[in-house]
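What follows is a single structure, written as structure tokens, with notes after it.
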Amino acid sequence: MEYNFRKIEEEWQRKWKENNVYRVSNGSSKPKYYVLDMFPYPSGAGLHVGHPLGYIASDIFARYKRLKGFNVLHPMGYDAFGLPAEQYAIEHGIHPAVSTDQNINNFHAQLDKIGFCFDWSREVRTSDPGYYKWTQWIFLQLFNSFYNRSAQKAESITRLVKIFEKEGNQAHPVPDAKFELRNPNFEVLNGNFTAAQWKTFDEKTKQDILMEYRLAYCGYGEVNWCEALGTVLANDEVINGASERGGHPVVRKKLRQWYLRITEYADRLLEGLVHIEFSDAMKEMQTNWIGKSYGAEIDFEIAASRAEGAGEKAKLKVYTTRPDTIFGVDFMVVAPEHDLITQITPSAQKKAVEDYIAYVKSRSDRERQAEKKISGCFTGAYAINPFDKREIPIWTSEYVLAGYGTGAIMAVPCGDERDFKFAKHFNIPITNIIGKHYNGEEANPTKDAILENSDFLNGILMRDAIDVAIKKLEELEIGKRKVNYKMRDAAFSRQRYWGEPFPIKWMNGIAYPLPEKDLPLQLPYVEAYKPGPEGEGPLANIPSWTEKKLETNTMPGYAGSSWYFLRYMDPHNEAAFCSREASDYWGQVDLYIGGTEHAVGHLLYSRMWTKALFDLGLIGFDEPYKKLVNQGMIQGVSEKIFLSAVSFQHLKTCKKQNSFKVPIAVDGGYEVDVRDPKEDEPVAAATDILHQSRFKLADFFIDNFGANTVEYRVDISDVENHELDIESFIKSHRGAQFKNAVFLCEGGFWFQGRFHRKNNGSDKFFTEPEVEKMSKSKYNVVNPDDIISKYGADTFRMYEMFLGPVEQSKPWDTKGIEGVHRFLKKLWRLFFDEQKGKVWNEEKATGAELKALHKAIKKIEEDTERFSFNTAVSTFMIAVNELSDLKCHKKEILEPLLILLAPYAPHITEELWHQLGNAGMVIDAAYPKAEEKYLAESSKNYPVAINGRTRAELTIALDATQQQVEEMILANETVKKWLEGKQPKKVIYVKNKMINVVL
RNA sequence: GCCCAGAUGGCGGAAUUGGUAGACGCGCCAGACUCAAAAUCUGGUAUUGGCAACAAUGUGCAGGUUCGAUUCCUGUUCUGGGCACCA
């Protein structure tokens with residue numbers, strides 16, 4: 001009886017489905033465990049072997065937990081809204097709903113083949129109106145809430161209105177300090193209003209004020225605007241200030257946007273990190289993203305003597321974490337977007353400043369920070385240092401971002417590297433306030449210097465001076481202590497079609513929520529996806545939509561994914577997003593597996609939503625994910641060849657084609673039948689010869705190959721062992737253009753199917769491998785379907801795990817899969833022999849067999865618990881090797897081994913489990929227990945090191961004393977040889993570890 | 001530029017708390033079975049020198065701490081992920 005994985009896997013997948021083996025109920029006498037994978041976006045390219053890595057890991061853990069007696073929730077669904085589907089619709093005219101459906105079906109079929117224990121009855125799709133009804137509903141909860149800072153929680157906005165009616169906003173100032181509160185006559189209210197004033201405000205004013213408090217609110221923000229495409233672009237669609245598609249110019253433009261007031265949750269998001277099991281790296285990334293810092297806001301007056309007109313009374317507010325360096329300020333830098341610039345710039349500098357601002361508008365935030373080139377422009381205005389009254393030039397530069405702090409900084413070149421470089425570049429004199437700590441070569445950001453040249457701060461340690469300076473600022477009322485966050489409110493709208501519509505109606509410039517009974521507000525069907533006028537989304541083109549004054553933006557991708565883990569608990573509930581009963585039962589996700597790319601996006605948003613839902617009493621916990629495991633990426637191996645404008649010795653070149661030149665003539669010395677190729681046809685290709693120094697190009701009748709080579713990725717299906725199958729390559733769609741190309745190898749070259757030998761080197765055409773992202777565009781995608789049809793799902797699952805630690809990125813190499821497949825065949829042979837059939841028996845196990853088993857049980861359990869699945873697979877291999885060596889076919893040993901292996905290879909174990917005569921499913925068996933009595937050892941083979949280097953081995957009883965060990969050591973031949981008759985300085989004996997003799 | 005992570009044989013990786021570097025698998029080499037091949041099995045395989053015993057070197061690079069460092073510390077290079085409209 002052979003291991004027929006195809007039959008076994010199909011059969012059990014069918015039976016599992018028929019018997020609802022993986023359906024879970026909300027309630028059980030067993031303890032609960034919730035295992036979740038990060039929400040996949042069903043892309044048109046389908047699954048490649050990298051995608052299921054995390055799903056396999058979570059599947060193993062879910063099955064393991066079930067064996068351990070837990071009621072395990074392990075659901076799967078789709079994050080189905082998103083830009084790619086819309087882009088596909090624009091290009092191919094297929095409605096996103098249609099293509100998304102196709103993609104999901106494709107994904108689903110691929111996932112099914114891997115044998116996951118998902119409870120598919122709980123599947124959700126964010127684009128399903130039954131799902132996004134509740135995304136809209138939660139949005140309305142956020143819209144109708146504000147963050148009560150004194151209670152440190154979200155509360156109903158109607159409560160806030162009552163407070164305003166009773167006492168104004170004294171106790172609840174506007175969250176955004178930059179917001180200018182105005183009454184209906186547009187008079188600035190200085191931040192506060194009384195109950196009496198509130199009552200006099202008209203509806204519009206009231207609503208505008210409330211909008212400043214709502215957790216989901218509407219405001220204005222800058223986007224990448226591409227006039228030519230008439231649309232807003234994502235950062236990764238913008239390359240060097242131009243659109244990726246078409247290369248049209250892109251500028252920053254202010255558009256009306258929805259936001260989530262996540263900044264109000266900054267402290268709780270930080271504090272919450274203490275209570276959840278995320279990796280330190282992940283916590284650090286989130287902490288840095290939130291970017292809490294302590295410092296001061298300082299007002300600098302604008303020098304009247306140097307300013308013209310309006311600027312006179314203006315003040316420049318800066319935020320700094322280092323107020324101790326105030327006497328080292330040599331210049332100020334304001335963000336190019338800063339409102340003050342136009343006010344303070346004297347006419348003489350206007351042109352230069354405007355030109356500079358225009359330049360900056362074409363640059364993304366990323367470029368502005370990443371650029372090594374220093375740029376900036378002097379505004380012509382001066383600020384006055386509030387302490388020593390020194391006049392300080394005010395510059396504008398792209399490295400200061402409008403969104404952070406006050407959008408202006410005081411620059412201290414002796415203490416800050418960026419400021420230093422800027423000062424050097426523009427020849428701004430540098431004041432040294434830290435004496436010998438500053439060497440004039442580079443800035444020194446120390447806090448451990450004693451201040452000099454610093455007036456009242458002289459002689460104080462900088463660390464201590466921070467507080468002294470702030471106290472003085474507050475005393476003189478020129479500044480105040482300030483906590484600042486780098487994190488900004490989350491932009492929550494997209495000018496796109498394929499997303500959740502906002503349940504919002506606009507009337508007289510006021511946003512009104514739709515009543516709950518009108519949800520879901522369904523996404524209307526459209527034929528075209530063109531952006532609307534003035535940068536509005538495609539929904540603005542639909543008269544029936546705009547007639548109803550409905551919001552034309554849609555929600556971003558993370559709307560649906562911020563709460564999906566809750567919907568899985570109660571996926572078919574039509575009365576609530578998730579019943580309190582269900583969320584109380586399942587609680588937090590116990591294990592969440594996904595990539596680090598979500599570190600600061602999805603994970604922070606999801607945490608914020610959870611906290612808001614908790615505050616509003618809708619769920620009973622305020623962190624969504626108890627433990628997070630980050631899976632690494634499986635990379636692809638691309639295979640590259642090199643193309644060049646080659647120059648044969650007697651060669652003419654003709655028309656330039658795609659920057660390659662085309663060879664048309666022949667080398668005189670060789671009979672090469674290079675007929676004149678058509679102008680649009682060939683290109684020359686070459687190979688590893690570029691990398692072989694022993695190969696002399698001069699031998700080859702080529703002048704300057706390599707001068708202009710271009711890398712070209714060939715499809716990995718045309719490559720084996722880094723050798724290109726030229727024939728198959730030329731037959732492929734992309735390779736057709738190379739049919740008249742010359743393929744240089746070490747021993748000669750291929751041309752039109754014939755090899756022309758030049759020397760006795762190889763005629764193999766080698767490619768250059770490169771490890772990079774697995775992606776369609778790199779022609780290096782390996783499809784799991786192919787692997788499974790060749791080796792089966794169990795082999796595939798185990799090999800994915802065997803490749804290396806889940807957390808680590810590693811390249812896929814199909815070749816290695818044979819080893820895992822052999823292992824499963826070897827396991828099978830413990831039960832069945834090809835000729836003899838059944839070989840397993842019910843004999844009593846020996847001590848050696850029990851030891852092999854219990855060693856495995858112990859290690860597998862430990863490894864599974866710490867997500868070290870690769871070493872667990874090794875342990876299975878070792879166990880099966882040992883049992884094979886022992887010729888052990890005993891049920892007593894093999895049956896527990898099957899249970900151990902069931903999470904990893906569910907199909908083969910299910911089959912063998914039933915072959916052993918069991919009736920139920922293996923997943924409902926009890927996990928075996930490792931018994932120490934089979935593992936006990938009385939002695940250990942110790943390594944004996946001389947000066948730390950292992951020289952010998954010695955078997956010593958585990959209970960040996962230091963003295964006994966020393967005696968044994970000194971009697972050892974190898975040790976004697978090294979001692980050369982002398983006494984050792986020291987003998988280090990670490991029980992159960994090693995022995996080290998120090999000479 | 002900023003934040004985070006990683007680097008170990010020909011390849012993927014192991015070494016869980018500072019204690020035998022290279023488990024397990026791939027590949028490769030040799031052998032058995034076979035008319036032959038596949039499959040399977042056995043042995044070998046970090047590098048250098050040596051018939052061998054053995055010796056020297058060796059965990060990206062340069063230092064440091066320690067009886068002992070892949071593991072801890074300082075600096076540095078390269079690669080990957082993220083940087084707010086890809087998901």
Side-chain angles (χ1 to χ4, degrees), chain A residues 38-41 43 79 81-84 87 221 223-224 231-238 257 279-282 284-285 287-289 291 365-372 399 403 417-418 487-491 493-496 556-558 561 595-602 604 630 632-633 635 721 771-773 799 802-805 807-813 815-820 822-823 825-826 829 834 862-863 866 868 870-871 873-878 881 884 941-953 984-988 990 992-999:
Chain A
M38 279 189 190
F39 225 8
Y41 175 79
S43 90
D79 190 8
F81 276 131
L83 198 55
Q87 198 53 44
V223 293
N224 298 313
T231 186
V232 178
L233 297 176
N235 272 338
D236 61 340
E237 294 179 295
V238 183
Q257 302 287 348
S279 68
D280 288 345
M282 181 69 53
E284 209 170 324
M285 276 190 263
T287 302
N288 291 339
W289 181 264
D365 276 6
R366 184 93 47 88
E367 287 171 326
R368 285 172 57 171
Q369 288 169 90
E371 196 62 61
K372 289 175 188 175
Y399 81 93
E417 199 52 38
R418 278 199 121 147
M487 182 167 67
R488 309 197 290 268
D489 279 341
S493 49
R494 305 291 182 256
Q495 288 68 47
R496 304 282 182 186
Y558 66 85
S561 63
T596 43
E597 67 270 25
H598 299 288
V600 289
H602 160 63
L604 272 177
N630 290 118
M633 259 209 292
Q635 294 149 313
N721 288 329
V771 173
E772 56 189 353
K773 211 163 165 165
Y799 185 54
F802 187 60
L803 272 179
E807 304 89 351
Q808 212 168 290
S809 290
K810 58 253 161 181
W812 176 267
D813 177 17
K815 272 189 297 183
I817 202 168
E818 291 282 354
V820 175
R822 265 175 220 153
F823 154 75
K825 285 199 273 191
K826 201 165 177 180
R829 285 201 303 273
E834 248 175 77
E862 276 171 15
D863 285 354
R866 65 187 176 104
S868 179
N870 57 326
T871 52
V873 175
S874 300
T875 306
F876 282 121
M877 289 174 171
I878 292 168
N881 287 346
S884 296
N941 199 14
Y942 280 90
V944 179
I946 315 278
N947 281 342
R949 185 140 202 131
T950 309
R951 298 292 176 185
E953 283 182 0
K985 275 201 193 119
K986 209 192 223 173
V987 175
I988 294 159
V990 184
N992 219 354
K993 293 281 187 203
M994 47 68 71
I995 295 157
N996 189 17
V997 181
V998 185
L999 298 187

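Atoms considered below: every heavy atom in the structure, side chains included; atoms not considered: hydrogens, waters and symmetry mates. A note on names: the letters A, B, ... follow the listed sequences, proteins ahead of strands, and every chain is numbered from 1.
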(request) State whether the distance check finds a donor on one side and an acceptor on the other, under 3.5 Å, for side chain A:Glu237 versus base B:C85. (result) no
(message) Please enumerate all residues that pass ring pair (Phe, Tyr, Trp, His ring centres under 6.0 Å) together with A:Tyr942, with sequence neighbours excluded.
(response) A:Tyr989
(request) Can you sort out the partners of A:Arg496 under salt bridge (Lys or Arg N to Asp or Glu O under 4.0 Å), two or more places apart, ordered by chain and number? (result) A:Glu237
(request) Tell me what A:Ile817 touches on the nucleic acid: a base, only sugar-phosphate, or nothing, going by heavy atoms under 4.0 Å. (result) nothing
(message) Please give the distance between the P atoms of B:A5 and B:U20 as a whole number of Å.
(response) 27 Å
(message) I want to verify a distance call: between B:U20, B:G25, B:A15, whose nearest atom is closest to the A:Phe802 side chain?
(response) B:G25
(request) Would you indicate which nucleotide in B:A87, B:A5, B:G19 comes nearest to any side-chain atom of A:Ala281? (result) B:A5
(request) For B:C67 and B:U77, measure between their P atoms and round to the nearest Å. (result) 32 Å
Under 3.5 Å, which donor-acceptor pairs link side chains of residues 992-999 of chain A to any protein atom two or more places apart or in another chain?
from: A:Asn996; atom 1: OD1; to: A:Asn947; atom 2: N; distance (Å): 3.4
from: A:Asn996; atom 1: OD1; to: A:Gly948; atom 2: N; distance (Å): 2.9

(request) Indicate, with a heavy-atom threshold strictly under 4.0 Å, whether A:Gly82 touches base, sugar-phosphate, or nothing. (result) sugar-phosphate
(request) List in chain and number order the residues that pass salt bridge (Lys or Arg N to Asp or Glu O under 4.0 Å) with A:Glu953, two or more places apart in sequence or in another chain; answer none if no residue qualifies. (result) none
(request) State which of B:C86, B:G12, B:A23 makes the closest approach to the side chain of A:Leu83. (result) B:C86
(request) Could you tell me whether the side chain of A:Asn288 has a donor or acceptor atom within less than 3.5 Å of a complementary atom in the base of B:C3? (result) no
(message) Let's see if you can work this out: which of B:A14, B:C85, B:U16 has an atom nearest to the side-chain heavy atoms of A:Asp863?
(response) B:U16
(message) Heavy atoms from C-beta onward define the side chain here; which of B:A84, B:U16, B:G12 lies closest to that of A:Glu862?
(response) B:U16
(message) Taking only the P atom of each, what is the distance from B:A23 to B:A14 in whole angstrom?
(response) 13 Å
(request) Among B:G19, B:G13, B:C85, find the nucleotide with the atom closest to the side chain of A:Lys810. (result) B:G13
(request) Can you sort out the partners of A:Asp863 under salt bridge (Lys or Arg N to Asp or Glu O under 4.0 Å), two or more places apart, ordered by chain and number? (result) A:Lys859, A:Arg866
(message) Would the base of B:G19 count as contacting A:Arg949 through its side chain, where contact means a donor and an acceptor less than 3.5 Å apart?
(response) no
(request) Sugar-phosphate atoms are those with a prime plus P, OP1 and OP2; base atoms are the rest. Using that split, label each nucleotide of nucleotides 31-45 of chain B B, S or - for protein heavy atoms under 4.0 Å, 5' to 3'. (result) --------SSS----
(request) Remember a base hit wins even if backbone is also touched, and classify A:Ser493 as base, sugar-phosphate or nothing at under 4.0 Å, heavy atoms. (result) base
(request) Assign each of A:Arg488 and A:Asn996 to its nearest nucleotide of RNA chain B by heavy atoms, then name whichever residue's nucleotide is nearer the 5' end. (result) A:Asn996
(request) State which of B:U20, B:A56, B:G12 makes the closest approach to the side chain of A:Arg951. (result) B:A56
(message) For A:Arg368 versus A:Arg418, what's the shortest heavy-atom pair and its separation?
(response) O-NH2, 4.3 Å
(request) Anything under 30° is parallel, anything over 60° is perpendicular, the rest tilted; go ahead and classify A:Tyr799 against A:Phe802. (result) tilted
(request) Using a cut-off of strictly less than 4.0 Å, decide whether A:Asn630 has a side-chain nitrogen or oxygen near OP1 or OP2 of B:A5. (result) no
Could you go through nucleotides 79-82 of chain B and list every protein N or O atom that sits under 3.5 Å from one of its N or O atoms, giving the distance for each pair?
none

(request) Can you tell me, in whole Å, how much space there is between the P of B:G10 and that of B:A46? (result) 10 Å
(message) Once you apply a heavy-atom cut-off of 4.0 Å, does A:Lys986 come out as touching a base, just sugar-phosphate, or nothing?
(response) nothing
(message) When you measure from the side-chain N and O atoms of A:Arg494 to the phosphate of B:C85, is any distance below 4.0 Å, counting only OP1 and OP2?
(response) yes
(request) Please work out whether B:G9 sits syn or anti, treating a glycosidic angle within 90° of 0 as syn. (result) syn
(message) Applying a 4.0 Å non-hydrogen cut-off, can you work out what A:Pro84 is touching in the nucleic acid: base, sugar-phosphate, or nothing?
(response) sugar-phosphate
(message) I'd like to check the ring pair (Phe, Tyr, Trp, His ring centres under 6.0 Å) partners of A:Tyr558; sequence neighbours left out, ordered by chain and number.
(response) A:Phe492, A:Tyr605
(request) Provide the distance between the two P atoms, one in B:G60 and one in B:A7, to the nearest whole Å. (result) 7 Å
(message) Counting the atoms with a prime plus P, OP1 and OP2 as sugar-phosphate, which does A:Ala945 contact under 4.0 Å by heavy atoms, base, sugar-phosphate, or nothing?
(response) nothing
(message) Is there a side-chain contact between A:Asn881 and the phosphate of B:G25, meaning an N or O under 4.0 Å from OP1 or OP2?
(response) yes
(request) Give RNA chain B the dot-bracket treatment, 5' to 3': Watson-Crick (N1-N3 with N6-O4 or O6-N4) or G-U (N1-O2, O6-N3) under 3.5 Å, [ ] crossing, | other strand. (result) (((((((..(((......[....)))((((((.......))))))((((....))))..(((((..]....))))))))))))....
(request) Could you walk me through whether A:Val223 and A:Gln257 pass side-chain contact (heavy atoms from CB on, under 4.5 Å), step by step? (result) CA-CA 9 Å; A:Val223 293; A:Gln257 302 287 348; 3.1 Å; yes
(message) Tell me if a side-chain donor or acceptor on A:Thr596 pairs with a main-chain N or O of A:Ala599 at a distance below 3.5 Å.
(response) no
N/O to N/O distances under 3.5 Å, protein versus nucleotides 69-77 of chain B:
none

(request) Mind checking ring pair (Phe, Tyr, Trp, His ring centres under 6.0 Å) for A:Phe876 and listing every partner two or more places apart, or none if nothing turns up? (result) A:Tyr904
(request) Identify, with sequence neighbours excluded, every residue that meets side-chain hydrogen bond (donor to acceptor under 3.5 Å, both in side chains) alongside A:Asn881. (result) A:Lys826
(message) Please classify the nucleic acid contact of A:Pro40 as base, sugar-phosphate, or nothing, using heavy-atom distances under 4.0 Å.
(response) nothing
(request) Scan A:Ser874 against the nucleic acid and name what it touches under 4.0 Å (heavy atoms): base, sugar-phosphate only, or nothing. (result) base
(request) Answer with base, sugar-phosphate or nothing: what part of the nucleic acid does A:Leu803 contact at a heavy-atom distance below 4.0 Å? (result) sugar-phosphate
(request) Please measure how far the P atom in B:G25 lies from the corresponding atom in B:A15, and state the result in whole Å. (result) 16 Å
(message) By the 4.0 Å heavy-atom rule, please label A:Gln257 as base, sugar-phosphate, or nothing.
(response) base
(request) Take A:Tyr41 and A:Lys815, find for each the nucleotide of RNA chain B with the closest heavy atom, and name the residue whose nucleotide sits nearer the 5' end. (result) A:Lys815
